Enquirer: 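I'd like to ask some things about the structure below.
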Amino acid sequence: MKISILMSTYNGEKYLEDQIKSLKSQTWKEWDLYVRDDGSTDHTLKIIKNLARKDKRIHFISDSEEHLRPMKSFIKLLGEVSADYYFFCDQDDYWLPNKLELMLAEIENKNNTIPQLVYCGLKCVDKNLKPIVNDFENLLGKVNGKSRFIGNDMPGCVMLFNKKLRDLAIKYTTSYENIVMHDWWIALVAQTFGDITFFDKKLILYRQHGDNSIGAGINGGIIKKAFHKDVLKKQMNLVKITYQQSERFYLTFNRILPRDYKRFLKDYIKCGTSGVIYRRKFLEGYRLHGSSWLRYQVYRFLFVYRLNKILSEN
């Protein structure tokens, strides 16, 4: 059984060695780490190459492309590595020692003749790995079904998926246009064509610091976030990118979509040219929901009453 851990790095010298130390401390020892750098200007490359010389399980994937950003970089890396199971790994987190062992045991009990994805929980910490208050960690495991098309509750670092899922995603994903993030895209493929399981254990220390490419956002509770000055702009953007990503998903997999998902996505895309009543009935008819009640109410209002305007704006 081949286990591949995929990591895309960019100026990660501060925490990279810590993260790889946590991988080397795993109770499950039979893994390979594949690292692709996205054009670092610090000592990241030196660190990777030094670690690779010392541990044959660590492989540096070299190419001439730079600044692809995480989504394209991870999907490119996924296409270059063959394995039975895949983990995405961020350069700045810290994995608890039994993450691989527990998650592999979980997915091994599934039907791996179809696409399977298992994701675990996480604990938000500061740059020194000290626990912090952040409601993001409590939102994982709260989204399911077709609601994944309007919100993602799993960052890549908590995901484990099988070869069936990887092969399907790589075969059909020929354009990156309007794909929001690699993890969300893989989750949509799993939801549509296979199974998703939430393994309710916090197996990652999810480090939050000033250099995060993608993070848990504003510290504090939901109410604090709801009244943050940028919340409306961010929610409007979320409405736009979820709609555009769903369009891209339909175009990508149209020929092989299950009947219920083809109907759902057609109805979703129709919302862009329909009125308020249609959009309200669409959300209610499919019983879509978000990772929290408050977040979804904001999303719902903007989707129903502002979608046409949001899509028309640059």
Side-chain angles (χ1 to χ4, degrees), residues 3-8 19 22-23 26-28 31 70-71 74-75 77-78 83-112 114-125 134-169 179-208 213-217 242 245 249 289-292 295:
I3 313 302
S4 289
I5 303 170
L6 309 182
M7 178 187 289
S8 176
Q19 172 62 299
S22 78
L23 301 184
Q26 292 293 305
T27 55
W28 185 280
W31 50 262
M71 181 271 289
F74 271 107
I75 292 181
L77 190 54
L78 186 60
D84 298 304
Y85 296 109
Y86 298 84
F87 291 86
F88 288 135
C89 182
D90 293 338
Q91 65 187 13
D92 50 2
D93 296 328
Y94 194 91
W95 291 12
L96 298 187
N98 57 354
K99 178 179 187 289
L100 292 181
E101 182 179 358
L102 292 179
M103 294 189 71
L104 286 167
E106 183 72 15
I107 203 169
E108 279 278 272
N109 287 325
K110 308 297 180 184
N111 174 15
N112 282 287
I114 65 172
Q116 290 285 353
L117 187 155
V118 172
Y119 69 115
C120 67
L122 56 80
K123 177 61 187 174
C124 290
V125 296
N134 194 308
D135 69 279
F136 178 73
E137 64 187 65
N138 299 316
L139 301 181
L140 276 70
K142 299 296 176 63
V143 177
N144 55 59
K146 295 178 177 67
S147 294
R148 294 195 186 280
F149 282 86
I150 67 169
N152 183 37
D153 70 332
M154 61 175 92
C157 60
V158 301
M159 297 169 61
L160 161 63
F161 52 95
N162 66 4
K163 179 174 170 54
K164 285 286 185 179
L165 178 49
R166 176 265 188 190
D167 289 352
L168 184 62
I179 296 177
V180 180
M181 281 296 287
H182 57 287
D183 46 21
W184 199 344
W185 188 253
I186 294 295
L188 292 180
V189 178
Q191 182 64 61
T192 304
F193 299 102
D195 287 333
I196 294 178
T197 302
F198 177 54
F199 186 59
D200 194 8
K201 289 186 180 296
K202 296 181 179 181
L203 301 177
I204 293 182
L205 301 183
Y206 192 58
R207 198 187 315 246
Q208 297 300 291
S213 175
I214 301 293
T242 51
Q245 180 169 247
F249 194 87
H289 63 274
S291 55
S292 77
R295 289 170 186 266

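None of these values were measured; they are calculated from a predicted model. Sequence positions, counted from 1, serve as the residue numbers for this chain.
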Enquirer: Under the side-chain contact (heavy atoms from CB on, under 4.5 Å) rule, collect the residues that match up with N109, sequence neighbours excluded.
Expert: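 side-chain contact (heavy atoms from CB on, under 4.5 Å) list for N109, sorted by chain: empty.
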Enquirer: Residues in side chain to side chain donor-acceptor pair (under 3.5 Å) with N111, at least two apart?
Expert: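 Side chain to side chain donor-acceptor pair (under 3.5 Å) list for N111, sorted by chain: T113.
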Enquirer: State which residues pass side chain to side chain donor-acceptor pair (under 3.5 Å) with W184; sequence neighbours excluded, sorted by chain then number.
Expert: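 Side chain to side chain donor-acceptor pair (under 3.5 Å) list for W184, sorted by chain: empty.
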Enquirer: Taking side chain to side chain donor-acceptor pair (under 3.5 Å) as the definition, give me every residue that meets it alongside D153, ordered by chain and number, with sequence neighbours left out.
Expert: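 If we apply the side chain to side chain donor-acceptor pair (under 3.5 Å) test to D153, skipping adjacent residues, the hits are Y119, R148.
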Enquirer: For D183, which residues count as a salt bridge (charged side-chain N to carboxylate O under 4.0 Å, His left out) partner, sequence neighbours excluded?
Expert: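 With sequence neighbours excluded, D183 shows a salt bridge (charged side-chain N to carboxylate O under 4.0 Å, His left out) to no residue whatsoever.
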Enquirer: Suppose the criterion is ring pair (Phe, Tyr, Trp, His ring centres under 6.0 Å): which pairs have a residue in residues 145-169, not counting sequence neighbours?
Expert: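 Every pair satisfying ring pair (Phe, Tyr, Trp, His ring centres under 6.0 Å) with a residue in residues 145-169: Y86-F161, F88-F161, F149-F249, F149-F264.
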Enquirer: How would you list, by chain and number, every residue that makes a salt bridge (charged side-chain N to carboxylate O under 4.0 Å, His left out) with K110, sequence neighbours excluded?
Expert: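 For K110 the salt bridge (charged side-chain N to carboxylate O under 4.0 Å, His left out) partners, ignoring immediate neighbours, are E106.
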Enquirer: Could you work out, with ring-ring contact (aromatic ring centres under 6.0 Å, His included) as the rule, every residue matching Y94, not counting sequence neighbours?
Expert: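 For Y94 there are no ring-ring contact (aromatic ring centres under 6.0 Å, His included) partners, ignoring immediate neighbours.
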Enquirer: Under the rule for side chain to side chain donor-acceptor pair (under 3.5 Å), what residues qualify as partners of S4, not counting sequence neighbours?
Expert: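 Residues passing side chain to side chain donor-acceptor pair (under 3.5 Å) with S4: none at all.
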Enquirer: What pairs of residues pass the salt bridge (Lys or Arg N to Asp or Glu O under 4.0 Å) test when at least one of them lies in residues 187-204, not counting sequence neighbours?
Expert: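 Listed once each, the pairs are E137-K202.
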Enquirer: May I have all residue pairs that pass salt bridge (Lys or Arg N to Asp or Glu O under 4.0 Å) and include part of residues 155-166, sequence neighbours excluded?
Expert: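 Sorted result for residues 155-166: K163-D167.
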Enquirer: With sequence neighbours excluded, tell me which residues meet salt bridge (charged side-chain N to carboxylate O under 4.0 Å, His left out) with K146.
Expert: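 By the salt bridge (charged side-chain N to carboxylate O under 4.0 Å, His left out) rule, K146 matches D260.
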